[in-house]
Amino acid sequence: MTVRTRFAPSPTGYLHIGGARTALYCWLEARRRGGTFVLRIEDTDRERSTQEAVQAILDGMSWLGLVHDEGPFYQTLRMDRYREVAEQLLAEGKAYYAYESKDEIETMRSEAMAAGVKPRYNGYYRERNEPKRDDPNRVIRFKNPSTGSVVFEDKVKGRIEWSNEELDDLVIFRSDGFPTYNFAVVVDDIDMGITEVIRGDDHVNNTPRQINIYKALGAAVPEFAHLPMILGPDGQKLSKRHGAVSVMQYRDDGFLPHALLNYLVRLGWSHGDQEIFSVEEMKTLFDIADVNKAASRFDIAKLSWLNQHYLKHDDPLEIAPEFEWHLRQAGIDPDIGPAPVDVIVALRDRVQTLKEMAERARIWYAPIAEWDPKAIEKHLKTDTAAAVLNLAKTKLAALADWNPAAVHGVVEQVAAELELGMGKVAAPLRVAMTGTQVSPSIEHTIYLAGREGALGRIDEALVRAQG
RNA sequence: GCUCCCUUCGUCUAGUGGCCUAGGACACCGCCCUCUCAAGGCGGGAACACGAGUUCGAGUCUCGUAGGGAGCACCA
């Protein structure tokens, strides 16, 4: 039997980090085993589901490259099917109508809590066989086995056993005529031929009752793998308080999709001491059975390190389109300055995100906005600054080819002819090019300004050197 | 309250009874390199939650304790 996994988000918000990892693991497991990855939208909660959220999830997945093979399927389009299956259960005596009001159920619940036992439905209508009648409170309940236990081998948690006495007769159809989650998932997973149910471990508690429904329906029970949670840096549940929660926020913050994928795949899973995984490697090495049981914390520092790793090692040409996107986000027009690829090469050892890179690239796409007085004082108003700037200007103007290596040659010549150390030469030029004391290597900084730009900035600096 | 789950450096993790005086990575600290800032190289501090037991031997197995989490809905 070929493997089929599914990612089944409910469209009540953006794709968050936890969901993205679940989707990644589902996708990876399907890829490694030559299976199929299905996307299903669980939108039976009409109150909270929105079309925008569906789009946000789709956008997030596509930015990460997690493409589904089938779907998206929408639960709201499958209502007839759920009804049909419920009717079948009713006909077979495996489900029944019940008529308690929500208040009555609530009372049952609080009484049970007060008595120190687990709250559960008392089964009043279970064996009554009352004929179906119209009632605003009419729901359909599943007749859960009352004895024995449910045992399953969770691929990450291991063997889990659950006594049926802990389970009650859950509602599978609400009084408003909609199926409940626990029922709809089972019907869907059966119909869609899902063989591996990979989801967050907040669902372990639902699994035993779902397994009972599978059995009542005479369907094969799939394999289950429950993923531990991803916590915030403080060990608390991930929330808006921790900054970026939406996957797309990470794009805005300047992360590469591959870096996020690499970070996520290692969060709860490992392959020996390996830290860096190409997507191809993930596809062959990832195994859901190797996932850890314990929750893990989200660490932005490590993600940043990975991001810089890819910034440094990926082909700049591949990064360029994403970088240009960030330049535009920062209000910079990539067409009126140096080639973005050249900027990437100059800055990738110095920043951790594309957002930072775009910010620092600004000096080559627009005039210097602000001159640091300290920089002028320290490096322009010196005995040698003017001589350095003048000589550099002459030599740069005469340069045959404008490239970093040639510019570097000029800087070295200036140092030699004036008998100065590199520090004395680079510093005033750096201030001239950037207005600050910090920049990439001096040859790149000059090169990226372009010949005209560089000469113009030296003139400006000369004025300030005198003033 | 009840049921289930989890527990190795600050963080992510390796570890499946002897190879562990517990390894790697991020972060941190120091040194080197150096035109600034980085990057890079080298080095350092830093963990088996606790207690019993099984065993010749336990981070690894069992039980208990503590701490954390999830669920107990006509929400997914």
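Numbered from 1 within each chain, the chains take letters A, B, ... in sequence-line order.
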Contact class for A:Gly268 vs. all strands (heavy atom < 4.0 Å): base, sugar-phosphate, or nothing?
sugar-phosphate
Salt-bridge contact A:Arg109-A:Glu111 (side-chain N to carboxylate O under 4.0 Å):
no
Residue pairs passing the side chain to side chain donor-acceptor pair (under 3.5 Å) test where at least one lies in residues 99-108 of chain A, sequence neighbours excluded
A:Glu100-A:Tyr121, A:Ser101-A:Glu104
Considering only the P atoms, how many Å lie between B:G64 and B:A27, rounded to the nearest integer?
42 Å
Would you please classify the geometry between the A:Trp269 ring and the A:Phe286 ring as parallel, tilted or perpendicular, with 30° and 60° separating the classes?
tilted
Under 4.0 Å between any heavy atoms, over every strand shown, what does A:Ser439 touch: base, sugar-phosphate, or nothing? Just pick one.
base
Rounded P spacing from B:U55 to B:U3 in Å
32 Å
What's A:Ala427 touching, base or sugar-phosphate or nothing? Going by heavy atoms closer than 4.0 Å.
nothing
In this structure, how many angstroms lie between the C1' atom of B:A38 and the CZ atom of A:Arg430, rounded?
11 Å
Gap in Å between the two P atoms, one belonging to B:G69 and one to B:G30, rounded
36 Å
Taking the basic N atoms (NZ, or NE/NH1/NH2) and the acidic carboxylate oxygens, is any pair closer than 4.0 Å for A:Asp189 and A:Arg40?
yes
Side-chain N or O of A:Lys312 closer than 4.0 Å to phosphate OP1/OP2 of B:A38
no
Taking the C1' atom in each of B:C6 and B:G53, what is the distance between them to the nearest angstrom?
22 Å
Donor-acceptor check, side chain of A:Glu281 to backbone of A:Ser278, threshold 3.5 angstrom: yes or no?
yes
If we call it a pair only when both distances are under 3.5 Å in a Watson-Crick or G-U wobble match, what pairs with B:U3?
B:A70
Using a strict heavy-atom distance below 4.0 Å, which residues from residues 155-163 of chain A are in contact with RNA chain B?
A:Lys157, A:Trp162
Using the C1' atom in both, what is the distance from B:U13 to B:A47, to the nearest Å?
12 Å
Taken to the nearest whole Å, CZ/A:Arg348 to P/B:G40 is 12 Å
Take atom C1' in B:A38 and the same atom in B:C12, then report the distance between them in whole Å.
25 Å
Does A:Thr394 reach the main-chain N or O of A:Asn390 with its side chain, forming a donor-acceptor pair under 3.5 Å?
yes
For A:Ile300 and B:G10, give me the distance from atom CD1 to atom C1', rounded to whole Å.
17 Å
Contact class for A:Lys424 vs. all strands (heavy atom < 4.0 Å): base, sugar-phosphate, or nothing?
nothing
Side chain of A:Lys293 (C-beta onward), nearest among B:C12, B:C6, B:A38
B:C6
Base contacts versus sugar-phosphate-only contacts with protein, heavy atoms under 4.0 Å: please encode nucleotides 70-76 of chain B as B, S and - from 5' to 3'.
BBBSBBB
Pair assignment for B:C9, Watson-Crick or G-U wobble, requiring both distances under 3.5 Å
none
So what does A:Glu443 touch, heavy atoms closer than 4.0 Å: a base, only the sugar-phosphate, or nothing?
base
Between B:U7 and B:U34, how far is it from one C1' atom to the other, in whole Å?
45 Å
Which nucleotide, in any strand shown, forms a Watson-Crick or G-U wobble pair with B:C61, with both distances under 3.5 Å?
B:G53
Quick one: do the A:Glu196 and A:Thr5 side chains pair a donor with an acceptor below 3.5 Å?
no
Please answer whether the main-chain N or O of A:Gln352 pairs with a side-chain N or O of A:Glu356 as donor and acceptor at a distance below 3.5 Å.
yes
Please identify each residue that fulfils side-chain hydrogen bond (donor to acceptor under 3.5 Å, both in side chains) with A:His444, with sequence neighbours left out.
A:Ser441
Atom CZ in A:Arg297, atom CD in A:Gln236: separation rounded to 0.5 Å?
8.5 Å
Ring pair (Phe, Tyr, Trp, His ring centres under 6.0 Å) for A:His203 and A:Tyr181? Distances and angles first, verdict last.
CA-CA 11 Å; A:His203 287 294; A:Tyr181 164 76; 5.3 Å; yes
I'd like to know if the side chain of A:Asn262 reaches the main chain of A:Phe277, judged simply by a donor and an acceptor atom lying under 3.5 Å from each other, with no hydrogens or angles considered.
yes
Rounded to whole Å, how long is the line connecting atom CG of A:Asp349 with atom P of B:C35?
16 Å
Its contact letters, B for base, S for sugar-phosphate only and - for none at protein heavy atoms under 4.0 Å, make nucleotides 14-29 of chain B read S--------BBBS---
Using a heavy-atom cut-off of 4.0 Å across all strands, would you classify A:Gln437 as base, sugar-phosphate, or nothing?
base
Side-chain N or O of A:Ser296 versus OP1/OP2 of B:U13: is the shortest distance under 4.0 Å?
yes
Looking for any heavy atom pair under 4.0 Å, which part of the strands does A:Leu267 touch: base, sugar-phosphate only, or nothing?
sugar-phosphate
My understanding is that only residues two or more places apart in sequence, or in another chain, count here; which of them pass salt bridge (Lys or Arg N to Asp or Glu O under 4.0 Å) with A:Lys393?
A:Asp459
Just how far, in rounded Å, is C1' of B:A39 from CD of A:Glu356?
14 Å
Would you mind reading off the distance between A:Met357 atom CE and B:A38 atom P, rounded to a whole angstrom?
16 Å
P spacing across the pair B:A49 / B:G10, given as an integer number of angstrom:
12 Å
Length of the CZ-C1' vector between A:Phe277 and B:U13, whole Å:
11 Å
Pairing partner (Watson-Crick or G-U wobble, both distances under 3.5 angstrom) of B:C31
B:G41
I need the A:Ile17 CD1 to A:Tyr250 OH distance, nearest 0.5 Å.
4.5 Å
Applying a 4.0 Å non-hydrogen cut-off, can you work out what A:Arg297 is touching in the nucleic acid: base, sugar-phosphate, or nothing?
sugar-phosphate
Please give, in whole Å, the distance from B:C12 C1' to A:Leu231 CG?
13 Å
